[in-house]
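Structure, as structure tokens:
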Amino acid sequence: MRIATWNVNSVVARLDFVLDFLVTRQPDIVCVQELKIDDQGFPRLAFAQVGYAVATHGQPQWNGVAVFVRSEAAPPPEIVQAGLPGQEANGARLITVRALGLRVTSIYVPNGKSITHPDFAMKLGWLDALAAHLRETHEPDALSIVGGDFNLCPGDLDTWNPAAHVGRIFHTEAERSRFEALRTLGFKDLFREKYPNDATFSWWDYRAGAFHKKHGLRIDLLLGTDAVLDRVTSVSVDRDFRKKRSDRIPSDHAPVVVELDLPVG
DNA sequence: ATGTCCACTAGGAGTGGA
């Protein structure tokens, strides 16, 4: 089974990239963030035509999350939660589905803007609410995945220039301690568990040639319970989908993909 | 490099967000 997470930075602007990712990589499940479209406007038909069912929790203009499921020989995803309880006013940032025998959550953590901005406190509160929600709904023995854009670097290996970012947003102890709380709940960082010493990034700023210069961050993460972790065979970043294609502009995030030793269906 | 790209409003270029 192949499961991915990808912040697409507008599913409408990125439709060609996203459909090509599905067709060429054939992921079984994809956690998606930054749809930037409401559920009515979501281009469902285009996804059905390439064999994917979608569960969306969108809003106009900003945010929005989804889970795509390869529909060949599989029932469509069943939505079990749309929106993080108590945090609905802060944007459409969480959806949980049951699909292919797994519980899968796609999240888009608030950016926070800067550590002095009111949005930073909102971000920390959102992460606290996420931990509380995962604690309440946790099935310790289940195959559970939380994938998404966490808008934080878990450790110094996850940032291209740690010295320049000490104490800055995405790198603060306040953010990292909340990430650690998710691990304590039983949600392990699949990439880091598999590769304790690898510096691999998933996001590069559009500006200043950051991708070319390898000035990136690892902020797009797939977390899983031990039942998932035991079945991980690889975790990779699909950098091809961060590359410009003739006149087409990519998202500033690349897909992160985990391969599991787990049959589909 | 304050560097780019998105959606929205508006009917063009500016704003807010990331």
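Note on naming: letters A, B, ... go to the chains in the order of the sequence lines (proteins, then strands), and numbering restarts at 1 for each one. Here the structure is a predicted model, which is why all the values come from computation and not from measurement.
- A:F201 does not carry A:R218 over the face of its six-membered ring by the limits of under 6.0 Å from the centre and within 45° of the normal.
- Residue A:R14 has a polar side-chain atom (N or O) positioned under 4.0 Å from OP1 or OP2 of B:dC6.
- Across the protein-nucleic acid pair, A:K36 atom NZ and B:dC5 atom C1' stand 7 Å apart, rounded to whole Å.
- A straight line from CG of A:D252 to P of B:dG17 spans 17 Å, rounded to a whole angstrom.
- Here B:dA10 presents its C1' atom at 14 Å from CD of A:Q61, a figure rounded to the nearest Å.
- Both A:H253 and A:S10 lie close to DNA chain B; mapped to their nearest nucleotides by heavy-atom distance, the more 5′-ward contact belongs to A:S10.
- Computed from coordinates, the A:F120 CZ to B:dA18 C1' distance equals 16 Å when rounded to whole Å.
- Distance noted for atom P between B:dG3 and B:dG14: 14 Å (whole Å).
- On the C1' atoms, B:dT2 is 16 Å away from B:dG16, given to the nearest whole Å.
- Counting all heavy atoms, side chain and backbone alike, A:A131 lies closest to A:L185 at O-CD1, 3.4 Å.
- Counting to the nearest Å, the C1' atom of B:dT4 and the NZ atom of A:K244 are 10 Å from each other.
- The closest side-chain donor-acceptor pair between A:S177 and A:E180, if any, does not fall under 3.5 angstrom.
- Rounded to an integer number of Å, the gap from CZ of A:F211 to P of B:dG3 is 21 Å.
- The two residues A:D158 and A:C153 make their nearest non-hydrogen contact at O-SG, 3.5 Å.
- Of the two residues near DNA chain B, A:A13 and A:E34, the one whose nearest nucleotide lies more 5' is A:A13.
- Put simply, NE2 on A:H215 is 16 Å from P on B:dT4, counting in whole angstrom units.
- When each of B:dA18, B:dC5, B:dC8 is scored by its nearest atom to the side-chain atoms of A:D119, the top-ranked nucleotide is B:dA18.
- Distance noted for atom P between B:dG11 and B:dC6: 23 Å (whole Å).
- Across B:dA10 and B:dT15, the matching C1' atoms stand 12 Å from one another, rounded to whole Å.
- Using modelled atom types and a 3.5 Å distance limit, the side chains of A:W126 and A:N90 yield no donor-acceptor pair.
- Contact annotation for A:Y108: backbone-only contact, meaning every heavy-atom pair under 4.0 Å involves sugar-phosphate atoms and none involves a base.
- Side-chain proximity of A:I249 to the nucleotides B:dC5, B:dG3, B:dA18 is greatest for B:dC5.
- For the pair A:W62 CH2 and B:dC5 P, the computed distance is 20 Å after rounding to whole Å.
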